[in-house]
Amino acid sequence: MVKIRLKKFGAAKRPCYRIVIQDARKPRDGVTIEEIGTYQPVTQKDGNQVTIDMERAKYWISVGAQPTDTVKKILSKNGLNK
């Protein structure tokens, strides 16, 4: 099964995540199929926390990719209602 999920990177105590398309059997930081955005939960007050390619997210959902709960919340906050 293909999932849309978060892949962690960044420095200690300053996590950043990539929103990626990945096989569910692979480890979190393993090989991905495609990167469609980023999520930075710890940003400056004026900074944008999420950048995402909504067209690619819609495409992957249409072909059967399942977003995780966290990614589902991020997508719904940014205008993609499933």
Listed by chain and number, what are the side-chain contact (heavy atoms from CB on, under 4.5 Å) partners of [X], not counting sequence neighbours?
X	result
Gln40	Cys16, Thr43
Pro41	Pro15, Tyr17, Tyr39
Lys26	Gln22, Asp23

Separation of [Y] [atom2] from [X] [atom1] (nearest 0.5 Å):
X	Y	atom1	atom2	answer
Asp69	Gln66	CG	CD	11.0 Å
Ile36	Ile21	CD1	CD1	4.0 Å
Lys58	Leu75	NZ	CG	10.5 Å
Thr32	Glu34	OG1	CD	8.5 Å

Could I get the full list of salt bridge (Lys or Arg N to Asp or Glu O under 4.0 Å) partners for [X], not counting sequence neighbours?
X	answer
Asp53	none
Arg18	Glu35
Arg28	none

Inset, instruction - Tell me, with the steps shown, if Ile33 and Val2 meet side chain to side chain contact (heavy atoms under 4.5 Å, CB included). - result: CA-CA 9 Å; Ile33 298 170; Val2 177; 4.3 Å; yes
Inset, instruction - Please check if Tyr59 and Ile74 belong to a single hydrophobic cluster, counting links between Ile, Leu, Val, Met, Phe, Trp and Tyr side chain heavy atoms closer than 4.5 Å. - result: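 Yes, Tyr59 connects to Ile74 through the hydrophobic network.
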Inset, instruction - Is it possible for you to say whether Val20 and Val63 belong to one hydrophobic cluster, with membership spreading through side-chain heavy-atom contacts below 4.5 Å? - result: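 Shared cluster, no.
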Inset, instruction - Work out which heavy atom in Arg5 is nearest to a heavy atom in Ala24; give both atom names and the distance. - result: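 Closest heavy-atom pair between Arg5 and Ala24: NH1-O, 3.7 Å.
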Legend entry - Least distance between heavy atoms, Gly79 atom then Met54 atom: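 Here Gly79 and Met54 meet closest at C-CE, 4.2 Å.
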Inset, instruction - Run the numbers on Ile4 and Thr68 for side chain to side chain contact (heavy atoms under 4.5 Å, CB included), then give the verdict. - result: CA-CA 6 Å; Ile4 303 174; Thr68 60; over 6 Å; no
Inset, instruction - Begin with the C-alpha distance, continue with both residues' side-chain angles, and end with the deciding distance and a verdict on side chain to side chain contact (heavy atoms under 4.5 Å, CB included) for Thr38 and Ile19. - result: CA-CA 5 Å; Thr38 59; Ile19 302 170; over 6 Å; no
